Number of protein chains: 2
Amino acid sequence: MNQEHSGSGDPAKSLELLWRRRPAPTRGPKPAQTVDGIVAVALQVADAEGLAAMSMRRVADELGVGAMTLYRYFPGKGELLDVMLDTVYGELPRRVVPGDWRAALDEVARENRELYLRHPWLLQVAINRPPLGPNVMAKYEWELTAVEGIGLTDLEMDATVALVNGYVHGAVRTAVEARQVIQRSGMTDKEWWLAHVPHLDQIGDLDKFPLSSRVGTAVGNEFDAPYDAEHAFEYGLERLLDGVSVLVGNRTAPEG
Amino acid sequence: MNQEHSGSGDPAKSLELLWRRRPAPTRGPKPAQTVDGIVAVALQVADAEGLAAMSMRRVADELGVGAMTLYRYFPGKGELLDVMLDTVYGELPRRVVPGDWRAALDEVARENRELYLRHPWLLQVAINRPPLGPNVMAKYEWELTAVEGIGLTDLEMDATVALVNGYVHGAVRTAVEARQVIQRSGMTDKEWWLAHVPHLDQIGDLDKFPLSSRVGTAVGNEFDAPYDAEHAFEYGLERLLDGVSVLVGNRTAPEG
DNA sequence: GGTCAACTGCGTACACTGTACGAAGAATAG
DNA sequence: CTATTCTTCGTACAGTGTACGCAGTTGACC
């Protein structure tokens, strides 16, 4: 599936929508819907059935209105997605944990992970040039505080936050895809592998890939439970923070 | 956009297609097309105009045949994507570099990066349960050799390769999206930011986000050239390999 | 109170998508 | 020569986002 991208209309209109600063019109019939009401329904559909199911007609049906009615409240689907994104970002607790930068970055990673797991469709919306709504701004600010005052340059701070966010995105994406592929196919990874081995053996000389066979089998035997995603996440996060720690150590104690 | 997922038909048919083991039929007219010919055209379209442009009708038009003709060669679009994926994986040089595991993992990361940059649509096809074609198998085998014999368990080997691949995927995705958003909007990130600041200032109290303002401005000033993607990639890869190095160090010298 | 501008709701239409179905014709086995 | 198998592909269907324009409602102003 494709990446959904957000609205590209003029900034003023978009920000008005995100910050709910649209001046109420004086004339004409009172609108029967609200931006928040539409967003709530859209979120319900996207959370329960995925972005692919969240068509404009579907959201409109759910509200009992015609499809084109939505376009009185949002210039297009992109802007609706923008507001949805900013809305769910508001669910982040944004806890400031006591301790060092590592504990803080760990918290950032975990909260983002929770959010992605709760709203998997987030994985499919582009994060470049995010809609600058109140919650998007607050999230970025909170993430930067995790790496403030530990000797990094501004550029390194941004790169580090982006690195952690990118990691979480990838890890959750893998986990969510794994969950979905099991549902869609009705097979676990192990069953899938076992269904392919006989044909592969006959067709493609499985002996030519000894490492793959060995490691693939080990992975299949060990990891067929949903806990493997948790495990992989922890493993990767440890590696990543270890890596950041090398950089931070160099900065705080410059003379190695 | 949504993630495209691959064919879910029976393994035998899929593997037959991937390894080109379809028995030639004895009766009936000779097919005018070939699997490879169709894949070549599909790749051309996907590389040049993205997955969204690569519809079945479009590929068929390009070949001068009817759309349904393609379904004589592939059960569905998913299987066509499977063969495309395995085909471009064949472009990997799969160099085995002299030196330690770090040099080898570095090479893995860089070759994958090159591949993603050359075929950005790869970022949009699901990588869970990849089509087990010859090149997919060879790629995995080659990646595992990079971390073989350095004291990691089979599970850690797989996790490490997945970690590096996941990182590259995320980093290139960000870079490619950045490139595309500049093309689509005709604005650099800096121009985009400067177009929003006045409205944000008026609407949303920019002073409430001091770190974001400071770091955002620094990033905007410094990174408006395409080289920032290169920079971010190097930075993240360093951190990641540093993290792996901590683990490998512990394994090879168990008593810390 | 009447008029007009502004506004809401929304039906219809258009150009797309993947692909199921089945008809028409070609090539070969018997 | 016939029957079978195979290829090509037109048509159709249920979707998608959204441009356009019409009908009806509301409030501001004279």
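Source: prediction; values computed, not measured. Naming convention: chains lettered A, B, ... in sequence-line order (proteins, then strands); numbering from 1 in each chain.
Residue whose closest nucleotide on DNA chain D sits further toward the 5' end, between A:Met56 and B:Gly66: B:Gly66. With the nearest nucleotide of DNA chain C identified for both A:Gly28 and A:Gly64, A:Gly28 has the one nearer the 5' end.
Salt bridge status for A:Glu49 with A:Arg58: present, with a side-chain N to carboxylate O gap under 4.0 Å. Between B:Arg129 and A:Asp189, at least one side-chain N (NZ, or NE/NH1/NH2) sits under 4.0 Å from a carboxylate O, which counts as a salt bridge.
Looking at the side chain of B:Met68, the nearest of the listed nucleotides C:dG9, C:dA20, C:dG18 is C:dA20. Considering only side-chain atoms of A:Val65, the nucleotide from C:dC10, C:dG18, C:dC7 that sits closest is C:dC10. You'll find that the side chain of B:Lys30 is closest to C:dT28, out of C:dG9, C:dT28, C:dT19.
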Which pairs of donor and acceptor atoms, one on a side chain in residues 24-41 of chain B, lie under 3.5 Å apart (sequence neighbours left out)?
unit_1  : atom_1 : unit_2  : atom_2 : d
B:Thr34 : OG1    : B:Gly37 : N      : 2.9
B:Asp36 : OD1    : B:Arg20 : NH1    : 2.1
B:Asp36 : OD2    : B:Arg20 : NH1    : 3.1

Could you list the donor-acceptor pairs under 3.5 angstrom formed between side-chain atoms of residues 196-207 of chain B and any protein atom two or more places apart in sequence or on another chain?
unit_1   : atom_1 : unit_2   : atom_2 : d
B:His196 : ND1    : B:Trp192 : O      : 3.0
B:His199 : ND1    : B:Ala195 : O      : 3.3

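With rounding to whole Å, A:Arg57 atom CZ is found 13 Å from C:dA13 atom P. Here the C1' atom of nucleotide C:dC10 and the CD1 atom of A:Ile38 are 14 Å apart, to the nearest Å. Note: CZ (A:Arg72) to P (C:dG11) measures 14 Å, nearest angstrom. Between B:Leu51 atom CG and C:dG18 atom C1' the separation is 14 Å, expressed in whole Å. Rounded to an integer number of Å, the gap from OH of B:Tyr71 to P of C:dG18 is 6 Å. With rounding to whole Å, A:Leu70 atom CG is found 10 Å from C:dC10 atom P.
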Item to complete: Begin with the C-alpha distance, continue with both residues' side-chain angles, and end with the deciding distance and a verdict on side-chain contact (heavy atoms from CB on, under 4.5 Å) for B:Val215 and B:Phe209.
Response: CA-CA 10 Å; B:Val215 174; B:Phe209 311 102; over 6 Å; no
Practice prompt. Might you work through the side-chain contact (heavy atoms from CB on, under 4.5 Å) test for A:Leu92 and A:Asn135, ending with a clear yes or no?
Written response: CA-CA 9 Å; A:Leu92 287 169; A:Asn135 296 317; over 6 Å; no
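Residue A:Ala67 is classed as having no contact, given no heavy-atom separation below 4.0 Å to the nucleic acid. Counting any heavy atom pair closer than 4.0 Å across all strands shown, B:Ala60 reaches no nucleic acid atom. Among the protein residues, A:Ser55 comes within range of the sugar-phosphate backbone only, with heavy atoms under 4.0 Å from sugar or phosphate atoms but none that close to a base.
Not one side-chain nitrogen or oxygen of B:Thr26 sits closer than 4.0 Å to the OP1 or OP2 atom of C:dT28. Contact check, A:Tyr73 against C:dG9: a side-chain N or O comes under 4.0 Å of OP1 or OP2.
Side-chain to base pairing of A:Arg27 with C:dT8: no donor and acceptor N or O lie closer than 3.5 Å to each other.
The line from CG of A:Asn112 to NZ of A:Lys139 is 4.0 Å long, rounded to the nearest 0.5 Å.
The nucleotide range of DNA chain D contacted by chain B, defined by atoms under 4.0 angstrom from heavy atoms of the protein and reported 5' to 3', is D:dT4 to D:dA12.
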